[in-house]
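Encoded as structure tokens, the structure appears first; notes follow it.
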Amino acid sequence: MIGVFDSGLGGLTVLRALVDRFPDKSFLYLGDHANVPYGNRPSDEVIDLTRASTEALFSQGCKLVLLGCNTATAVAARHLQQNWLPQSKWRGHNVLGIVAPTVEAATQTPWAVSAPQYPQKYNTDVVGVFGTTRTIASGVYPEEIRKRCPRVTVVQQVCAGLAGAIEHEAPEAELERLVVEGVEGLLAQTNGLPPHRAILGCTHFPLVEHLFRRHLPPFTRILSQPEVVADSLEDYLARHAHYTAGDAGGSLTLLTTAANPADISARARVFWPEVAPFTLSAA
Ligand code: DGL
């Protein structure tokens with residue numbers, strides 16, 4: 001069983017792509033609705049919350065947990081992988097994030113290659129990154145993209161309040177206003193030059209991809225994280241089949257830390273009409 005974690009409902013965009021891609025695998029999703037949003041929280045809180053949810057998924061039988069959240073990945077993934085996991089009781093388990101596959105797609109360079117190679121070495125494109133305050137402050141996208149493509153210009157833009165507005169079903173006009181504010185903020189940093197590629201660096205944002213599409217020019221390629229992450233997980237599982245060995249397959253369970261799973265289920269169906277109901281996480 002593969003665990004997928006997000007601070008709230010945004011990770012459902014990733015989960016849905018994974019369920020489509022791996023119909024023979026079982027998934028356990030945990031949304032930390034009691035603490036959403038993570039995007040404005042201090043880093044140490046994001047780390048503690050992400051570790052707690054990862055442990056909850058491990059203790060329910062997941063050997064592999066995917067952080068389906070950019071904020072959690074940007075702030076906590078490296079710490080969990082390098083500092084916490086090796087000393088915890090969960091040796092033999094693993095945590096993956098969603099920044100690495102996104103950087104691979106944005107740079108056309110495998111994650112393991114961390115030095116510029118031809119032709120990426122000479123790539124002078126502009127890449128835009130939209131994210132939460134905490135993801136943007138972490139600087140993880142520019143850092144990892146520039147390692148591989150040093151001449152690429154990476155421009156970052158916080159879309160303040162957008163994840164929360166999506167999570168709480170703000171009206172379309174309000175969502176569009178926040179997207180326009182983000183796009184204009186990004187363009188103000190490039191003298192109006194639109195990016196060649198745009199990373200929607202928050203798993204909530206695919207739900208308003210049509211609004212980004214409307215306000216970015218047609219030549220800007222929007223990188224869709226759910227697809228990119230599904231591609232990457234397919235490759236990972238082909239090399240690490242033991243994480244899902246013995247999986248009877250095909251089950252999907254959704255857990256929430258919120259005391260009102262029925263409300264969460266109702267909101268989730270707005271994003272994914274056929275999604276199974278949420279139940280309260282015991283951990
Ligand atoms: N969905 C999360 C992300 O990808 C963040 C939303 C939040 O702020 O909790 O960044």
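Start at 1 and go down the list; that is how both ligands and their atoms are numbered.
At a 4.0 Å heavy-atom cut-off, ligand 1 touches D6 through the side chain alone. Only the side chain of A163 comes within 4.0 Å of ligand 1, judged by heavy-atom distances. Looking at S7 against ligand 1, only its side chain comes within 4.0 Å, counting heavy atoms.
Of the protein's non-hydrogen atoms, G39 N, 2.8 Å is the one closest to atom 8 (O) of ligand 1. Nearest to atom 3 (C) of ligand 1 among the protein's heavy atoms is N70 N, 3.3 Å. Nearest protein heavy-atom contact of atom 7 (C) of ligand 1 is Y38 N, 3.3 Å.
A donor and an acceptor atom, one from each side chain of T132 and T135, are located under 3.5 Å apart.
Taking the six-membered ring wherever Trp is involved, the centroid distance between the rings of F130 and F212 falls below 6.0 Å.
When each of T54, N94, V4, T50 is paired with V65, the side-chain contact (heavy atoms from CB on, under 4.5 Å) condition holds for T54 and for no other.
At under 3.5 Å, not a single nitrogen or oxygen of V36, backbone or side chain, sits near a nitrogen or oxygen of ligand 1. The distance criterion of under 3.5 Å between nitrogen or oxygen atoms is met by T71 with respect to ligand 1.
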* **Stepwise side-chain hydrogen bond (donor to acceptor under 3.5 Å, both in side chains) test for N35 and E45** => CA-CA 10 Å; N35 297 297; E45 276 183 36; over 6 Å; no

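Using the six-membered ring where Trp is involved, H93 and W90 have ring planes that are perpendicular, over 60° apart on the 30 and 60° scheme.
Between C69 and ligand 1 there is a heavy-atom distance shorter than 4.0 Å.
The 12-atom threshold is exceeded at NZ of K25, counting heavy atoms of other residues, nucleotides or ligands nearer than 6.0 Å.
Rounding to the nearest 0.5 Å places NE2 of H204 at 9.0 Å from OG1 of T71.
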